Asker: 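Okay, handing you the structure first.
These numbers come from a predicted model, not from an experiment. Reminder, nothing fancy here: chain letters follow the sequence lines and each chain counts from 1.
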Amino acid sequence: MGTLADKLTIVFAGAFDSAGYDRSYGEVRVSDRPDLCQFQCNGALAAAKQYRTNPRQIAQNVVESVSAPEVFDGLSLAGPGFINIQLKDEFIAAHVQEVHGDERLGCETVGTPGRIIVDYGGPNVAKPLHVGHLRAAIIGESIVRICRFVGHEVIGDVHLGDWGLQMGLIIEGLRGRQPDLPYFDAGESGPYPEEPPVDIADLEELYPQASEREKNDPDFAEAARQATVELQAGRPGYRALWKHFRDVSVDDLRQSYEQLNIRFDLWLGESDTQDRVRGLIAQLKEEGYARESRGALVVEVEEPGDRESIPPLMLEKTDGAVLYGTTDLATIDQRVEDYRPDYMLYVVDNRQQQHFRQVFKAAWKTGVAPESTRLEHNGFGTMNGKDGKPFKTREGGIMKLKDLIELVTGHARTRIETIESIREYDDDEKETISRIVGVAALKYADLMNHRTKDYVFDLERFSSFEGRTGPYILYAAVRIKSVLRRAGDRGLQAGRVMAPKSESERDLDLKLSELPAVIGLAFETRAPNHLCEYAFQLATAYNRFYHTHHILSEEDGDRRASWLAVSGVTLRALERVLDLLGIEVPRRM
RNA sequence: GCCCCAGUAGCUCAGUUGGACAGAGCAUCGGACUUCUAAUCCGAGGGUCGCAGGUUCGAAUCCUGCCUGGGGUACCA
């Protein structure tokens with residue numbers, strides 16, 4: 001079905017065609033001058049270039065060729081050749097009626113579904129999630145949901161950092177504390193205790209300590225490097241220990257992500273590619289793609305046509321160790337083999353841009369990924385503090401995600417106590433509402449910023465519940481639920497959508513019709529902020545409508561039933577968009 | 001040095017890929033609750049779109065140069 005603008009585009013494409021111009025000029029879109037018209041077609045201006053004619057004349061010809069009197073309330077020319085379009089209220093209502101009857105609210109699915117792997121999250125084993133992980137997780141989750149909704153098969157992979165030096169650091173850190181554990185006995189080969197020697201609190205303490213010590217204690221640093229090498233070589237005690245670390249950490253990560261309503265399909269990590277890294281390197285050498293350079297092994301990715309210079313992708317360091325580029329390449333190799341994906345999307349910090357350019361170019365060049373596989377880095381900006389520098393807590397440390405979630409939940413809890421109608425809810429429901437509202441505030445505040453831009457992490461804004469915020473939108477949705485619930489109690493039902501009676505109602509109808517375009521745009525650009533903007537506009541449109549018309553006390557039964565239908569569509573649209581953003585809606589608040 | 005990204009209202013940001021007087025939210029000021037949830041709604045003020053050129057009928061948007069900030073620049077991830 002698409003949007004109203006889509007329907008109008010078909011009409012105008014036909015009109016351009018029958019007036020003797022290319023149909024592609026018939027694109028109609030929502031007007032950016034709502035004071036003048038609802039929709040506009042600017043194709044005549046573009047066409048004037050191609051046909052070397054007066055754009056106003058073209059527009060005139062097109063308008064005369066339009067044949068659909070039941071649709072238009074007004075068609076007029078303006079300025080150099082704009083066509084301004086007003087629709088009949090009946091036509092608008094009929095469209096909303098269609099949306100009402102459609103499971104997908106007018107949103108079509110893609111013609112040729114593909115398989116998409118989304119790589120997001122990227123947490124490290126043993127390191128607690130902090131605000132820096134927030135963006136990857138929530139933007140990635142939203143992109144996953146959007147891709148899935150438009151009809152693709154999507155596989156989300158958390159892609160753990162579980163194989164680097166940090167593992168050696170923790171091993172050595174633990175040895176410092178409990179040197180007698182069987183894992184450290186080189187002569188021992190297992191079996192080892194099933195019970196992990198550490199819990200998550202230990203891990204979160206061990207890593208920063210070890211990391212700090214690495215900087216000041218060369219012997220310790222060397223030991224950690226050695227432990228990393230031995231772990232990677234398969235020393236049984238270290239492997240057993242590593243597995244404990246990983247399990248303990250993953251348990252904790254799952255809980256944190258669950259609180260944010262984020263669920264991964266795959267919990268793979270760097271370690272899962274290790275058994276194929278050597279083979280891949282050997283193969284690339286044999287095929288002549290990998291060559292030695294300054295003592296290291298690299299794949300050249302710069303091509304003759306390239307303007308900018310791009311360093312080669314390094315597979316092996318001088319000392320023979322592999323780097324994360326190697327792992328990333330091996331991961332692509334693995335994914336191609338296991339899943340044959342059409343797309344791989346990497347939701348990772350912008351700063352990795354060059355890295356991914358290298359990896360992708362190398363993957364295509366060497367045939368690790370077919371050229372038809374779309375590899376994309378969907379980068380996002382840095383989260384800065386109010387001083388414009390990367391965000392730190394007041395103490396100068398990094399804020400843990402758990403603390404942040406507790407903070408926003410706490411704000412919501414406090415807020416709830418000030419609202420009379422909620423005071424009587426039982427404690428469980430209050431707590432649920434607090435969590436949903438707090439997390440909605442957090443996620444919305446992040447998602448509303450364009451993905452690629454740096455932005456300022458502002459606690460006040462993150463926990464604000466007024467204006468352009470998650471809770472504002474939840475409130476509108478919950479308000480509709482409440483109306484519908486009461487209507488249900490009185491035995492009132494939704495009916496046929498009638499022509500709008502007021503400006504606020506017409507605006508709501510028109511806004512509802514835009515949903516498919518917004519989701520399409522969010523998908524094409526992998527940018528959830530468009531959904532945030534739309535959710536806000538739709539919520540505002542409904543709030544205005546709500547204030548101008550009292551639904552339940554309306555005496556005209558048909559009118560009331562129509563309003564219930566429109567309210568129902570609005571609720572479904574809001575819930576759909578919020579779901580695509582990964583935001584939950586409470587029953588009431 | 002070279003490369004990438006950004007600069008829009010006091011603050012935080014949109015701006016549909018070149019279209020009509022540049023839009024929101026916050027903050028400030030003023031209004032609206034005996035009626036479906038006021039976490040709401042209505043109204044007001046607020047701009048040299050970093051600067052200077054250029055392309056175009058038309059530029060916040062494209063090109064060139066400069067200024068400012070951030071990031072990257074083969075053996076960390």
Asker: Establish, with yes or no, whether the OP1 or OP2 oxygen of B:U73 is under 4.0 angstrom from a side-chain nitrogen or oxygen of A:Arg351.
Answerer: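 So the side-chain polar atoms of A:Arg351 never come under 4.0 Å of the phosphate oxygens OP1 or OP2 of B:U73.
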Asker: Indicate yes or no: does A:Lys501 engage A:Asp558 in a salt bridge with an N to O separation below 4.0 Å.
Answerer: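 Here A:Lys501 does not pair with A:Asp558 in a salt bridge, since their nearest N and O are not under 4.0 Å apart.
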Asker: What is the distance, rounded to the nearest whole Å, between atom CG of A:Asp32 and atom C1' of B:A22?
Answerer: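 Taking CG of A:Asp32 and C1' of B:A22, I get 10 Å after rounding.
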Asker: Should the side chain of A:Thr469 and the base of B:A39 be counted as holding a donor-acceptor pair, with the cut-off at 3.5 Å?
Answerer: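 No, the side chain and the base share no sub-3.5 Å donor-acceptor pair.
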Asker: Measure from CD on A:Gln354 to P on B:A77 and round the result to the nearest Å.
Answerer: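 Atom-to-atom, A:Gln354 to B:A77, this comes out as 15 Å.
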Asker: Test the A:Arg479-A:Tyr546 pair against the cation-pi criterion, namely NZ or CZ under 6.0 angstrom from the six-membered ring centroid and within 45° of the ring axis.
Answerer: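 Verdict for A:Tyr546: a cation-pi partner in A:Arg479.
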Asker: Taking atom P of B:U12 as reference, at what distance in whole Å does atom OH of A:Tyr455 sit?
Answerer: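 In whole Å, B:U12 P and A:Tyr455 OH are 14 Å from each other.
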Asker: Do A:Arg560 and A:Glu555 sit within salt-bridge range, that is, some charged N less than 4.0 Å from a carboxylate O?
Answerer: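 Looking at A:Arg560 and A:Glu555, the cut-off is not met.
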Asker: By side-chain contact (heavy atoms from CB on, under 4.5 Å), which residues pair with A:Arg526, not counting sequence neighbours?
Answerer: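 For A:Arg526 the side-chain contact (heavy atoms from CB on, under 4.5 Å) partners, ignoring immediate neighbours, are A:Ile143, A:Tyr343, A:Leu345, A:Arg374, A:Glu376, A:Asn378, A:Arg451, A:Phe523.
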Asker: Please determine if a side-chain N or O atom of A:Ser482 lies less than 4.0 Å away from the OP1 or OP2 oxygen of B:C36.
Answerer: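 Answer is no, no contact under 4.0 Å.
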Asker: Please report, rounded to the nearest Å, how far the P atom of B:A6 is from the CZ atom of A:Phe380.
Answerer: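 Atom CZ in A:Phe380 sits about 17 Å away from atom P in B:A6.
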Asker: Under 3.5 Å, is there an N or O donor on one side and an acceptor on the other linking the side chain of A:Asn54 and the base of B:C57?
Answerer: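 No.
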Asker: Using the purine O4'-C1'-N9-C4 or pyrimidine O4'-C1'-N1-C2 torsion, is B:U55 syn (within 90° of 0) or anti?
Answerer: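 Anti.
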Asker: Quick one: is B:C41 close enough that its OP1 or OP2 comes under 4.0 Å of any side-chain N or O from A:Tyr472?
Answerer: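 For B:C41, OP1 or OP2 has a side-chain N or O of A:Tyr472 closer than 4.0 Å.
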Asker: With respect to the phosphate group of B:C41, does any side-chain polar atom (N or O) of A:Tyr542 fall under 4.0 Å of OP1 or OP2?
Answerer: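 Answer no for this pair, as no side-chain N or O of A:Tyr542 is under 4.0 Å from OP1 or OP2.
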Asker: Quick one: label A:Ile422 by what it contacts on the DNA or RNA (base, sugar-phosphate, nothing), any heavy atom closer than 4.0 Å.
Answerer: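 Contact class for A:Ile422: base.
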Asker: When you check the glycosidic angle of B:C26, does it come out syn, meaning within 90° of 0, or anti?
Answerer: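 Base orientation: anti.
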Asker: Output yes when at least one side-chain N/O atom of A:Lys127 is less than 4.0 Å from OP1 or OP2 of B:A77, else no.
Answerer: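 Negative; the distance criterion is not met.
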Asker: May I ask you to evaluate whether A:Asn543 reaches the phosphate of B:U40, defined as a side-chain N or O under 4.0 Å from OP1 or OP2?
Answerer: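 It does not, given that no N or O in the side chain of A:Asn543 lies less than 4.0 Å from OP1 or OP2 of B:U40.
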Asker: Could you state the CD-P distance from A:Glu420 to B:A39, rounded to the nearest angstrom?
Answerer: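 Atom CD in A:Glu420 sits about 11 Å away from atom P in B:A39.
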Asker: By the 4.0 Å heavy-atom rule, please label A:Ala78 as base, sugar-phosphate, or nothing.
Answerer: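 Base: the residue A:Ala78, judged by heavy atoms under 4.0 Å, touches a nucleobase.
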Asker: Between A:Tyr324 and B:A77, is there a side-chain N or O to OP1/OP2 distance below 4.0 Å?
Answerer: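 Answer no for this pair, as no side-chain N or O of A:Tyr324 is under 4.0 Å from OP1 or OP2.
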Asker: Is A:Lys49 touching bases, backbone alone, or none of the nucleic acid, heavy atoms closer than 4.0 Å?
Answerer: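 Here A:Lys49 touches the bases of the nucleic acid.
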Asker: Using both pair distances under 3.5 Å as the test, note the stems of at least 3 consecutive Watson-Crick or G-U pairs that include RNA chain B.
Answerer: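 RNA chain B forms these stems: B:1-7 with B:67-73, B:10-13 with B:23-26, B:28-32 with B:40-44, B:50-54 with B:62-66.
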Asker: Is a donor from one side chain sitting under 3.5 angstrom from an acceptor on the other, for A:Asn350 and A:His377?
Answerer: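 No, because no side-chain N or O of A:Asn350 sits under 3.5 Å from a partner of the opposite role on A:His377.
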Asker: Using a 5.5 Å cut-off between ring centres and planes within 30 degrees, is A:His530 stacked on the base of B:U16?
Answerer: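 Aromatic stack with B:U16 absent for A:His530.
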Asker: Out of B:A74, B:A39, B:U37, which nucleotide sits closest to the side chain of A:Val437?
Answerer: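 Between B:A74, B:A39, B:U37, the one nearest the side chain of A:Val437 would be B:A39.
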Asker: If you compare every side-chain N and O of A:Arg468 against the phosphate oxygens of B:C26 (OP1, OP2), does one of them come in below 4.0 Å?
Answerer: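 So the side chain of A:Arg468 is outside the cut-off, no N or O lying under 4.0 Å from OP1 or OP2 of B:C26.
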Asker: Quick check against the 3.5 Å criterion: does A:Gln166 have a side-chain atom that pairs as donor or acceptor with the backbone of A:Gly161?
Answerer: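 Side chain of A:Gln166 to backbone of A:Gly161: a pair is present.
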Asker: Heavy atoms, side chains only, cut-off 4.5 Å: are A:Gln493 and A:Leu564 in contact?
Answerer: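 The answer is no, as the side chains (C-beta and beyond) never meet within the 4.5 Å cut-off.
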Asker: According to a strict under-4.0 Å criterion, is A:His450 in side-chain N/O contact with OP1 or OP2 of B:A6?
Answerer: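 For B:A6, OP1/OP2 do not have a side-chain N/O of A:His450 under 4.0 Å.
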Asker: Quick one: does A:Thr326's side chain have a donor or acceptor within less than 3.5 Å of a partner on A:Val322's backbone?
Answerer: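 Checked: no pair found.
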Asker: Remember a base hit wins even if backbone is also touched, and classify A:His549 as base, sugar-phosphate or nothing at under 4.0 Å, heavy atoms.
Answerer: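 The residue A:His549 makes base contact.
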Asker: Answer with yes or no after comparing the ring centroid distance for A:His549 and A:Phe545 against a 6.0 Å cut-off, counting only values under it.
Answerer: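 Between A:Phe545 and A:His549, which both carry aromatic rings, the centre distance is below 6.0 Å.
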Asker: Counting the atoms with a prime plus P, OP1 and OP2 as sugar-phosphate, which does A:Gln40 contact under 4.0 Å by heavy atoms, base, sugar-phosphate, or nothing?
Answerer: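 Result for A:Gln40 = base.
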